[in-house]
Amino acid sequence: MLPFALVLQLSGVAPPPAPAPSAHVQVHLPIDDEQAAPARGPTPTRGFASGFGRFQIGLGPPSFSPETSLLRLEGYGGSKLWLELDGGTMIGGLGRHVGVGVWAGFGRWFSPGNARTPALTEVDYLLGIELPVRFGTRDLALFAAPRVGIVSGSLDLGGESPSHQAFVGGAQVGAVSSRYHLSASMSYLSGRFTPVHGIGREQDLGGLYFSVGVLLDDG
């Protein structure tokens, strides 16, 4: 090859140009965005909280008992005020739909009486346990809770009245919203007892009431 190139140079004929080195051609193909994005699973939904606490205030008629019926015949009326506080934990193994909790309540019935009857004041203190059940979503859920406990109360008709104790039982059903932290419910409690030595009619320190309040949880 060298003698041939030398001969061409001496004769004045330029040698053929050397071939250019080969170049690698890169072709960029469009890729679909759906193919480029990694696979995504379904967006997880936010479940119920494992714990809760509520404060509610309610109103309702006094208990339904022979003593209350007699007092109504005497002209006593009005509504019974209720304040209650409860809290508990929802069991994770049951999907946080069932739990255990404690509750405390305060009830007060006041009626001013009239010209021939003194004012009436009933004050009740309640403490017990509950089994809350909840179904729905965090926005709105059904909340129900059977309740049992003890109650200590007194019925004052213008003089000193001894306190009476009794077992109390009942239930609450309503709606709660973990998102908006609201609660609304209807409750019924019965705490019946007969005065000592059977003097007087059977009394009930419970009642039916409707309440609204606030809900706090760890969600």
Asker: Taking atom CD1 of Ile129 as the centre, does the number of heavy atoms from other residues, nucleotides or ligands within less than 6.0 Å exceed 12?
Answerer: no
Asker: Check step by step if side-chain contact (heavy atoms from CB on, under 4.5 Å) holds for Ser211 and Ile57.
Answerer: CA-CA 5 Å; Ser211 55; Ile57 180 171; 6.0 Å; no
Asker: Salt-bridge test for Arg147 and Glu84: reply yes if a basic N is under 4.0 Å from a carboxylate O, no otherwise.
Answerer: yes
Asker: Distance-only, no hydrogens or angles: does the Lys80 side chain make a donor-acceptor pair with backbone N or O of Gly206 under 3.5 Å?
Answerer: yes
Asker: Taking all non-hydrogen atoms of both residues into account, name the closest pair between Leu208 and Ser187 and its distance.
Answerer: CD1-O, 3.2 Å
Asker: Considering only heavy atoms from C-beta outward, does the side chain of Pro61 approach that of Arg72 to under 4.5 Å?
Answerer: yes
Asker: Would you check if the distance from the ring center of Phe52 to the ring center of Phe143 is below 6.0 Å?
Answerer: yes
Asker: With a 4.5 Å heavy-atom cut-off, do Trp109 and Thr121 have their side chains touching?
Answerer: no
Asker: Locate the shortest heavy-atom distance separating Ser177 from Leu215; write the atom from each residue and the value.
Answerer: O-CD2, 3.7 Å
Asker: Treat each ILVMFWY residue as a node, draw an edge where side-chain heavy atoms are under 4.5 Å apart, and state whether Val168 and Phe193 are in one component.
Answerer: yes
Asker: side-chain contact (heavy atoms from CB on, under 4.5 Å) between Phe106 and Leu126: does it pass, once the steps are laid out?
Answerer: CA-CA 6 Å; Phe106 170 79; Leu126 306 97; 5.9 Å; no
Asker: Please determine whether side-chain contact (heavy atoms from CB on, under 4.5 Å) holds for the pair Ile150 and Phe167, giving the CA-CA distance in whole Å, both sets of side-chain angles, and the decisive distance to 0.1 Å.
Answerer: CA-CA 4 Å; Ile150 57 174; Phe167 289 102; 4.2 Å; yes
Asker: Could you check Arg54 against His181 for side-chain contact (heavy atoms from CB on, under 4.5 Å), going step by step and ending with a plain yes or no?
Answerer: CA-CA 9 Å; Arg54 291 185 303 165; His181 305 290; over 6 Å; no
Asker: Between Asp204 and Phe64, is any pair of side-chain heavy atoms under 4.5 Å apart?
Answerer: no
Asker: Do Gln172 and Gln56 have side-chain heavy atoms sitting under 4.5 Å apart?
Answerer: yes
Asker: So which heavy atom on Gly92 is nearest to which on Arg96, and how close?
Answerer: CA-CG, 3.9 Å
Asker: Could you pull out the closest heavy-atom pair between Ser79 and Leu59, with the gap in Å?
Answerer: CB-CD2, 4.4 Å
Asker: May I ask you to test the Glu202-Pro66 pair for a side-chain heavy-atom distance under 4.5 Å?
Answerer: yes
Asker: Quick one: do Leu81 and Tyr125 end up in the same hydrophobic cluster if we chain Ile, Leu, Val, Met, Phe, Trp and Tyr together by side-chain heavy atoms under 4.5 Å apart?
Answerer: yes
Asker: Determine, using the 4.5 Å side-chain heavy-atom cutoff (strictly less than), whether Val214 and Leu83 are members of one ILVMFWY cluster.
Answerer: yes
Asker: Do you know which two heavy atoms are closest between Pro132 and Gly101, and how far apart they sit?
Answerer: CD-N, 4.0 Å
Asker: Strictly by modelled atom types, are Ser154 and Glu122 linked by a side-chain donor-acceptor pair under 3.5 Å?
Answerer: no
Asker: Mind checking the CG-CG spacing from Asp124 to Leu189? Nearest 0.5 Å is all I need.
Answerer: 10.0 Å
Asker: Would Arg138 count as a cation-pi partner of Tyr180, with NZ or CZ less than 6.0 Å from the six-membered ring centre and within 45° of the ring normal?
Answerer: no
Asker: Hydrophobic clustering (ILVMFWY, side-chain heavy atoms < 4.5 Å, transitive) - are Val173 and Trp82 grouped together?
Answerer: no
Asker: Would you name the heavy atoms of Tyr76 and Leu157 that are closest together and state the gap between them?
Answerer: OH-CD2, 3.7 Å
Asker: So, do Ser183 and Phe55 sit near enough that their side-chain heavy atoms are less than 4.5 Å apart?
Answerer: no
Asker: Do Arg134 and Ser178 touch side chain to side chain, with heavy atoms closer than 4.5 Å?
Answerer: yes
Asker: If Ile, Leu, Val, Met, Phe, Trp and Tyr residues are connected whenever their side-chain heavy atoms lie under 4.5 Å apart, and connections chain through other members, are Tyr209 and Leu205 in the same group?
Answerer: yes
Asker: Give a yes-or-no answer on whether the side chains of Ser152 and Ser163 include a donor-acceptor pair shorter than 3.5 Å.
Answerer: no
Asker: Test your reading of the model: is there a side-chain donor-acceptor pair from Thr68 to the backbone of Ser63, 3.5 Å cut-off?
Answerer: yes
Asker: Check whether any side-chain N or O of Thr117 sits under 3.5 Å from a backbone N or O of Gly113 as a donor-acceptor pair, and report yes or no.
Answerer: no
Asker: Do Leu71 and Leu155 have side chains that approach each other closer than 4.5 Å (heavy atoms only, starting at C-beta)?
Answerer: yes
